[in-house]
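Within every chain, numbering begins at 1; the chains are lettered A, B, ... in the order of the sequence lines, protein sequences first and strands thereafter.
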Amino acid sequence: MLAIVADHFFFSALHKGAFFRYTDVMPELPEVETVMRGMMPALENATIQNVTINRFDLRGGIPRDFAERVTGAYVDKLERRGKYIIAHLNNDTSIILHLGMSGRIRIFPQATSYDAQKHDHVIFDTAAGARIAFEDPRRFGMLYLAPRSAWDQAPPFSKMGSEPLDNHFHAQRLASALTSRKSPIKSALLDQNIVAGLGNIYVCEALYRAHISPLRLSNSLNADEIDALTAAIKDVLRDAIAAGGSTLRDYQHTDGELGYFQHRFDVYGRKDEPCKTATCDATVQHCVQSGRSTFYCAQCQL
DNA sequence: ACGAGAACCTGTTTGC
DNA sequence: TGCAAACAGGTTCTCG
């Protein structure tokens, strides 16, 4: 149901020799989806000719034999699960990539135009001459390998919740995951084992759209509220993916970096600013839950 | 089993 | 102006 945004505009932009950069991103599901789509033209149906690893000490550590296990392999499919990007290789290996919170992917259609950055930890070169650089200043990112035939049988995928944009994700499924939960709904929605791919920003946004207070206990939501929440989660993610897609397309018109978030959020980061509901005169409230910033409208969200 | 909080990390913002 | 402290957040680990 998702439109292909890596269209011919995108290809022509890449072939001008410029590069493609993601910046100022808190990678949640929509950002990871956009990054994966941006990687597709360069990495899908490509042969990995060379891998350069500048440092191995990302979260969990990059396997010491990572380069030798992927060099020469053919990438025949990319997919996303939650906030992870998985590249499937033709040698029964899958590359698992997580952007952490500061991870970026830069793509150079011609490796000769590559400009090295301080935190470029891993660099992939393809047989077609492209270069894909994984940059991550905070090193919360992850990069490791799994057997392709069983990549989703191990943590974190084995216990991961539904993909919120799948048809399999519906109100009843969310309800059953929440009934045993006593924590605030905000905290529960951040749990990747309940819904995959939500992070702090989109949880705040979804609760705002559903008119549900982040302070409510998970098991206190009634059926109507869970219906609204399910729809709000899907809507907010679809909107954000569409915005990411439009920035991909707009890239042909820009000379510099590509950022996602020219658009503003309804509540996230808007402490003390006016609520965006036309009939509401309240201001956005801020609090901390489970050590994370929460933004909400106390008047609209009950 | 569950929930809360700390730790990890560094670029950026805030406060004195 | 300059420096230090606070802040940001996804995941994993620890503790109650």
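As rounded to whole Å, 16 Å separates atom C1' of dG10(C) from atom CZ of Arg81(A). Taking atom CZ of Arg139(A) as the reference point, atom P of dG10(C) lies 19 Å away to the nearest angstrom. In this structure, Leu189(A) atom CG and dG10(C) atom P are separated by 13 Å, rounded to whole Å. In this entry the distance linking CG of Asp191(A) with P of dG10(C) reads 13 Å, nearest Å. The CE-C1' distance, from Met101(A) to dG10(C), rounds to 8 Å in whole Å. dA6(C) atom C1' lies 13 Å from atom NZ of Lys271(A), rounded to whole Å.
Taking the six-membered ring where tryptophan is involved, the planes of His211(A) and Tyr208(A) are tilted, since the angle between them lies from 30° to 60°.
Among residue pairs with one or both ends in residues 177-190 of chain A, those qualifying as salt bridge (charged side-chain N to carboxylate O under 4.0 Å, His left out) are Arg181(A)-Asp191(A); sequence neighbours excluded. Residues in residues 270-290 of chain A take part in these ring-ring contact (aromatic ring centres under 6.0 Å, His included) pairs, two or more places apart or across chains: His286(A)-Phe295(A). Within the structure, ring-ring contact (aromatic ring centres under 6.0 Å, His included) pairs that include any residue of residues 156-180 of chain A comprise Tyr84(A)-Phe157(A), Trp151(A)-Phe157(A) (at least two apart or interchain).
For Asn219(A) and Thr179(A), the side-chain atoms include no donor-acceptor pair closer than 3.5 Å.
Salt bridge status for Glu33(A) with Arg37(A): present, with a side-chain N to carboxylate O gap under 4.0 Å. Look at Asp166(A) and Lys234(A) and you find no salt bridge, because none of the NZ, NE, NH1 or NH2 atoms lies under 4.0 Å from a carboxylate O. Here Glu135(A) does not pair with Lys118(A) in a salt bridge; the nearest charged N to carboxylate O distance is not below 4.0 Å. We find that Arg81(A) and Asp152(A) are not joined by a salt bridge, their nearest charged nitrogen and carboxylate oxygen being 4.0 Å or further apart. The pair Arg216(A)-Glu225(A) meets the salt-bridge criterion, with a side-chain N (NZ, NE, NH1 or NH2) lying under 4.0 Å from an Asp/Glu carboxylate O.
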Original post:
What one-letter contact string describes nucleotides 11-16 of chain C from 5' to 3', where B marks a base within less than 4.0 Å of any protein heavy atom, S marks contact via sugar-phosphate atoms alone, and - marks no contact?
Top reply: BS----

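Rounded to 10 degrees, the angle separating the terminal helix axes of the helix from dC2(B)-dG16(C) to dC16(B)-dG2(C), each built from five base pairs, is 60°.
In this structure, Arg131(A) satisfies the cation-pi test against Tyr114(A), with its NZ or CZ atom closer than 6.0 Å to the six-membered ring centre and inside 45 degrees of the ring normal.
Here the range on DNA chain B touched by chain A, meaning any atom under 4.0 Å from one of its heavy atoms, is dG3(B) to dG11(B).
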